[in-house]
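Read through the structure below, which is laid out as structure tokens, and then see the notes.
Worth knowing before you read on, the calculation uses all heavy atoms, side chains too, and leaves out hydrogens, waters and symmetry mates.
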Amino acid sequence: MSVTSVTTDLLRRYAPLDSLRRENLAALAKKIEVRTLEPGKLLIREGEVDKRTYYLVAGTLELVDRSGGARLLRAASEEARNPVSPMLPRRHQVRAVDRVEYISIDTDLLDVMLTWDQT
């Protein structure tokens, strides 16, 4: 898995990150990295309760729900502006269809940053 740095321009593509003040967005960018996931590898297991918020940067993810229903999430789509399977416990198993780039943010940190922005 390779890792690259994150820019504020990249973060502004995603909701609700696009609502953060410039200085808070810059502080968040310093704390996270773009990671890669190879085809077939799992990003999220259904039922997980990890406090991470994931955003798809590049590539395609397959989301499979408990009933076996599957859908694809493609980077740069309107749907990809939002976190991947954000509900806890996770409602989908999420697997890379092709080589995927994503960012992972500590959800508690994100909540704090959003709260700071509102005060």
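- The minimum heavy-atom distance between W116 and N24, with the atom names listed, is CB-ND2, 4.2 Å.
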Can you list the steps and then say if D18 with R13 is a side-chain contact (heavy atoms from CB on, under 4.5 Å)? CA-CA 6 Å; D18 56 352; R13 295 182 196 169; over 6 Å; no
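- For residues 58-83, no residue pair satisfies the ring pair (Phe, Tyr, Trp, His ring centres under 6.0 Å) rule, not counting sequence neighbours.
- Side-chain contact between T36 and R99 is present, with at least one heavy-atom pair separated by less than 4.5 Å.
- In this structure, the ring-ring contact (aromatic ring centres under 6.0 Å, His included) partners of Y14, at least two apart in sequence or on a different chain, are Y55.
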Where do L42 and V94 land on the side-chain contact (heavy atoms from CB on, under 4.5 Å) test, with the steps shown first? CA-CA 6 Å; L42 281 181; V94 181; over 6 Å; no
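- The main-chain N or O of P39 is never found under 3.5 Å from a side-chain atom of D98 such that the two would form a donor-acceptor pair.
- Both V112 and L25 belong to a common hydrophobic cluster when Ile, Leu, Val, Met, Phe, Trp and Tyr are linked at side-chain heavy-atom distances under 4.5 angstrom.
- When all heavy atoms of P89 and V49 are compared, the closest pair comes out as CB-CG1, 3.7 Å.
- Residue S85 holds its OG atom at 9.5 Å from CD of E48, rounded to the nearest 0.5 Å.
- The local environment of CZ in R45 is sparse, with at most 12 non-hydrogen atoms from other residues, nucleotides or ligands closer than 6.0 Å.
- Residue L17 comes nearest to L11 through the heavy atom pair CB-O, 3.4 Å, listed as atom of the first residue, atom of the second, then distance.
- Expressed to the nearest 0.5 Å, how far CG of L43 lies from CZ of R90 amounts to 8.5 Å.
- Side-chain atoms of T8 never come within 3.5 Å of backbone atoms of A26 as a donor-acceptor pair (strictly under, hydrogens ignored).
- Note: I44 CD1 to D50 CG = 7.0 Å, rounded to the nearest 0.5 Å.
- Among all heavy-atom pairs drawn from E62 and A70, the shortest one is OE2-CB, 3.9 Å.
- Applying the salt bridge (charged side-chain N to carboxylate O under 4.0 Å, His left out) rule to pairs touching residues 65-77 yields E46-R66, R71-E79, sequence neighbours excluded.
- Atoms NZ and CG, from K51 and D111 in turn, are 8.0 Å apart once rounded to the nearest 0.5 Å.
- Taken to the nearest 0.5 Å, the CE atom of M113 stands 4.5 Å off from the CG atom of L28.
- A distance of 10.0 Å separates NE2 of H92 from CG of L73, quoted to the nearest 0.5 Å.
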After noting the C-alpha distance and the side-chain angles of L61 and V97, does the key distance pass the side-chain contact (heavy atoms from CB on, under 4.5 Å) rule? CA-CA 5 Å; L61 293 170; V97 173; 5.8 Å; no
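- In terms of heavy atoms, A75 sits closest to A80 at CA-CB, 4.2 Å.
- Formation of a donor-acceptor pair under 3.5 Å by the R35 side chain with backbone atoms of I103 is not found in this model.
- When all heavy atoms are compared, the tightest approach of L114 to S19 is CD2-OG, 4.1 Å.
- Of the possible donor and acceptor atoms, one in the side chain of T107 sits under 3.5 Å from a partner among the backbone N and O of T53.
- Classification of K31 and D106 as a salt-bridged pair fails, no side-chain N sitting under 4.0 Å from a carboxylate O.
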